[in-house]
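Below: the structure, in structure tokens.
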Amino acid sequence: DAGVTQSPTHLIKTRGQHVTLRCSPISGHKSVSWYQQVLGQGPQFIFQYYEKEERGRGNFPDRFSARQFPNYSSELNVNALLLGDSALYLCASSYDEYNEQFFGPGTRLTVL
Amino acid sequence: RKEVEQDPGPFNVPEGATVAFNCTYSNSASQSFFWYRQDCRKEPKLLMSVYSSGNEDGRFTAQLNRASQYISLLIRDSKLSDSATYLCVVRMDSSYKLIFGSGTRLLVRP
């Protein structure tokens, strides 16, 4: 069975640009969570979506937004990129909000 | 104060050694506890859940002390393949989000 997939794998942007990251959950999973992992730190929660509704938001500015589609895939959007947004962005899928979360390989974003 | 704190290491041990990692959490409402493993430049993967009575999975033993808000992971007979970063993770029952520590890096040498 396919695991969580994310695209692109790597991305280089410049300050002020915007970026869209994509995630496809494991088949049958209805919940997607997004995490940001800065080098040397553990992942930090950004958003969770369940059944296309936002269930939770972490301590991130409004430049970060996300949505979930009817097929349960998800997009994370970041506007007005800052150097500090450089990180590994991880998507995790789970059957529902409280079950085990399975992580995708991540998108490595570099902001120059 | 961070919600989940870990010794960053690195722990550098020979093959066959026993190594222990510790983790403390600040929110007494935390109800679920996990250890994740993350290889270099890869995604985190669940190693094991941690239960109040303690639990064991092969060479790995996890302990939880709710009174001290302390979690531990013991690895016996270390293998080269155990080299990775070990992340301590907590979740409150009323919440969906996982709260990660910064991780402890383990290097097992031949």
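Order of the sequence lines sets the chain letters (A, B, ...), proteins ahead of strands, with each chain counted from 1.
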>> Using heavy-atom distances under 4.5 Å, tell me whether A/N99 contacts chain B through its side chain, its backbone, both, or neither.
In response: backbone
>> With a 4.0 Å cut-off on N to O distance, would you call A/E53 and A/K30 a salt bridge?
In response: no
> Which bit of A/Y50 comes within less than 4.5 Å of chain B, counting heavy atoms only: side chain, backbone, both or neither?
Replying inline: neither
>> Please check if the number of heavy atoms outside B/R109 that lie under 6.0 Å from its CZ is greater than 12.
In response: yes
> Hey, does the side chain of B/S78 reach the backbone of B/G16 with a donor-acceptor pair shorter than 3.5 angstrom?
Replying inline: no
>> Can you confirm whether the side chains of B/N22 and B/S72 place a donor and an acceptor under 3.5 Å from each other?
In response: no
>> Looking only at heavy atoms and a cut-off of under 4.5 Å, which of B/Q38, B/K45, B/R105 has the most pairs with chain A?
In response: B/Q38
> When only pairs under 4.5 Å are counted, which of B/E43, B/Q6, B/K42 shares the most heavy-atom pairs with chain A?
Replying inline: B/E43
> Which region of A/Q41, side chain (C-beta onward) or backbone (N, CA, C, O), has a non-hydrogen atom less than 4.5 Å from a non-hydrogen atom of chain B, or is it both or neither?
Replying inline: both
> Where does B/R41 contact chain A at under 4.5 Å (heavy atoms): side chain, backbone, both or neither?
Replying inline: both
> Using non-hydrogen atoms only, which part of B/F34 is less than 4.5 Å away from chain A: side chain, backbone, both, or neither?
Replying inline: neither
> What part of A/Q44 is in contact with chain B, defined as an atom under 4.5 angstrom from a non-hydrogen atom: side chain, backbone, both or neither?
Replying inline: neither
> Hey, are A/Y35 and A/Q101 close enough side-chain-wise for a donor-acceptor pair under 3.5 Å?
Replying inline: yes
>> Test side-chain contact (heavy atoms from CB on, under 4.5 Å) on B/L87 and B/W35; report intermediate values, then the result.
In response: CA-CA 6 Å; B/L87 297 159; B/W35 283 101; 5.9 Å; no
